[in-house]
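Each remark here refers to the structure printed beneath this line.
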Amino acid sequence: MNFALPHSDTGSFDSGRPLAFRQTALLCFSHLRWDFVHQRPQHLLGQAAGSFRVFYIEEPDFSPGVAHFRMRVVESDVTVLTPVFDHGTDHVQELRRLVESLKRSLSNMAQVHWFYTPMAMRFAGDLPCDLCVYDCMDELSAFRFAPPDLAALEGALLAQADLVFTGGESLFAAKRALHRSVHCFPSSVDVSHFGRARSPQADPQDQANLPHPRIGFFGVIDERMDLTLVAQAAAGLPDVQFVMLGPLAKLHADDLPRAPNLHWLGRKDYADLPAYMANWQAAWMPFALNDATRFISPTKTPEFLAAKLPVTATAVADVVATYGRQGLVTIADESSIVAALRDSLKAPAIGWQAAVDRKLADMSWRSTWTAMQALMQARLRVTDGVVA
């Protein structure tokens, strides 16, 4: 079965998978580019693609010509749709038209709307669907440069959603009184992927010449990072190499502190992260404690632990509650960060690794998705993916 998508660069799409397995389409509206960093949306929607026809509608590109979706199918079988607009058009109306055309092409299927950004309510809020899900992974209204109407649009989304999922306990506490069906699904982990870092791996070329010991970080580098703390740690531990991986967002390269032992190596592919981590001695999460980090539940926490890396972090609420109080992650501030990082380079305490493995044994993206899908199916009244 082919689905001809409106104004697609490729015209049609056939996944090769029997339609009987996927009678429901899931249209995801996201503020994140699929290829920006591999995190919660990629993990969950990759799992969803086993049961649903998944379409990921990301942020637009701009180019002269007729508005259209640029389409590609990624390895997980998710169809990524990039809206392409002329700068002079009404982008909200053009995007609505594209989404309406997509939905018409899927009219023989039940349809789930899955929101990561309330801003999509501007063009999709009143479009019909069989189930509306808000997967709230961040408090976006607290981020730098947040649109002024984001909070109001989130209120509209909460009023419309059938189910609300949150990416951590702090977000759950903030949203649970705002909707009748809020469910907490904290960040999970692909243990087998990051567990590769527990075995020797060839050192990637851009860090191969760095001395040891090394303490590493990966993730988006933006206003959530405490750059003053980063500079302080680098100055206090001149014999330690700090390897910082990830793309810049809402910051300029000139904003980053510089030191001989501080290495900003840029964005890396998800597949390559274990090779970097296998050649570190420890990891850290130097988050600022501000409005943008008040509700975060960093996916990288269990990923570092799966790589058998001791982790030092600032006192982000969900990290403290989930890992710090159990002795799995060391919590530090500006007065203790240097000593804590130095200690992280020593042999872990007896029992730490066993406790980490017990914690991770109960965590997987597959189990998270299975629990989410059960809630969705109860709402859709479906059996084996077919609407009852």
Side-chain angles (χ1 to χ4, degrees), residues 3-13 24-37 39-42 44-45 48-49 52-74 78-138 140-141 143 145-162 249-250:
F3 294 109
L5 297 179
H7 305 289
S8 166
D9 289 350
T10 57
S12 64
F13 162 53
T24 303
L26 188 156
L27 279 63
C28 175
F29 305 106
S30 181
H31 58 296
L32 298 169
R33 293 238 178 250
W34 183 265
D35 291 332
F36 184 51
V37 289
Q39 53 185 311
R40 183 182 181 93
Q42 289 82 356
L44 289 176
L45 296 177
F52 296 82
R53 295 294 294 270
V54 179
F55 298 86
Y56 184 88
I57 301 168
E58 61 179 11
E59 288 288 277
D61 276 345
F62 298 95
S63 179
V66 177
H68 63 281
F69 276 138
R70 185 170 64 238
M71 183 184 79
R72 60 195 174 94
V73 182
V74 296
V78 172
T79 300
V80 178
L81 298 175
T82 307
V84 181
F85 302 131
D86 191 303
H87 273 289
T89 62
D90 184 331
H91 305 145
V92 172
Q93 289 303 314
E94 291 285 10
L95 189 48
R96 179 183 177 88
R97 182 179 62 79
L98 292 176
V99 172
E100 286 177 326
S101 185
L102 171 65
K103 288 173 64 65
R104 284 194 300 270
S105 75
L106 303 170
S107 60
N108 64 326
M109 308 177 76
Q111 296 182 17
V112 174
H113 287 181
W114 182 286
F115 287 83
Y116 278 113
T117 172
M119 300 306 294
M121 291 293 287
R122 287 174 166 177
F123 59 86
D126 62 344
L127 296 179
C129 63
D130 297 281
L131 183 73
C132 180
V133 178
Y134 178 25
D135 187 21
C136 180
M137 62 181 282
D138 284 307
L140 295 177
S141 62
F143 282 22
F145 309 134
D149 56 345
L150 193 150
L153 288 169
E154 184 185 55
L157 176 54
L158 287 166
Q160 180 172 306
D162 298 293
K250 295 171 283 185

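Positions are given from 1 along the sequence.
- Between the side chain of Glu94 and the backbone N or O of Phe85 there is no donor-acceptor pair closer than 3.5 Å.
- From Leu150, atom CG reaches atom NE2 of His31 across 9.0 Å, with rounding to the nearest 0.5 Å.
- Here the OG1 atom belonging to Thr79 is positioned 10.5 Å from the CZ atom belonging to Arg72, to the nearest 0.5 angstrom.
- Of the inter-residue distances, the one linking Ser30 atom OG with Leu81 atom CG reads 12.5 Å to the nearest 0.5 angstrom.
- The closest side-chain heavy-atom distance from Tyr134 to Pro118 is below 4.5 Å.
- For the ring pair (Phe, Tyr, Trp, His ring centres under 6.0 Å) condition, the pairs that include at least one residue of residues 93-113, sequence neighbours left out, are Phe29-His113.
- With respect to the salt-bridge test (charged N to carboxylate O, under 4.0 angstrom), the residues Arg33 and Glu58 qualify.
- Remark: side-chain polar atoms of Ser101 are not paired, donor with acceptor, to backbone N or O of Leu98 under 3.5 angstrom.
- Looking only at distances, a side-chain donor or acceptor of Gln42 sits under 3.5 Å from a matching main-chain atom of Trp34.
- Applying the salt bridge (Lys or Arg N to Asp or Glu O under 4.0 Å) test to pairs two or more places apart or on separate chains, none has a residue in residues 104-117.
- The CG atom of Leu26 lies 12.0 Å from the CZ atom of Arg53; values are rounded to the nearest 0.5 Å.
- Residues Tyr116 and Ile57 have side chains not in contact (no heavy-atom distance under 4.5 Å, counting atoms from C-beta outward).
- Annotation for Ala110 and Asp130: closest pair CA-OD2, 3.3 Å, computed over non-hydrogen atoms.
- To the nearest 0.5 angstrom, Gln160 atom CD is 6.0 Å from Phe115 atom CZ.
- Counting heavy atoms from C-beta on, the side chains of Asp35 and Val80 never come closer than 4.5 Å.
- Side-chain atoms of Pro83 and Phe69, non-hydrogen and from C-beta on, do get closer than 4.5 Å to each other.
- When atom types are taken as modelled, the side chain of Arg96 and the backbone of Phe123 share a donor-acceptor pair closer than 3.5 angstrom.
- Here CG of Leu45 is found 10.0 Å from CZ of Arg40. Values are rounded to the nearest 0.5 Å.
- Of all the heavy atoms in Val78 and Ala49, the pair that sits closest is CG2-CB, 4.2 Å.
- Looking at Glu100 and Lys103, no side-chain N of the basic residue comes within less than 4.0 Å of a carboxylate O on the acidic one, giving no salt bridge.
- Closest approach of Val84 and Ser63 over heavy atoms only: CG1-CB, 3.8 Å.
- When the salt bridge (Lys or Arg N to Asp or Glu O under 4.0 Å) test is applied to Asp162, no partner is found at least two apart in sequence or on another chain.
- Heavy-atom minimum distance, Ala25 versus Leu106: CB-CD1, 3.9 Å.
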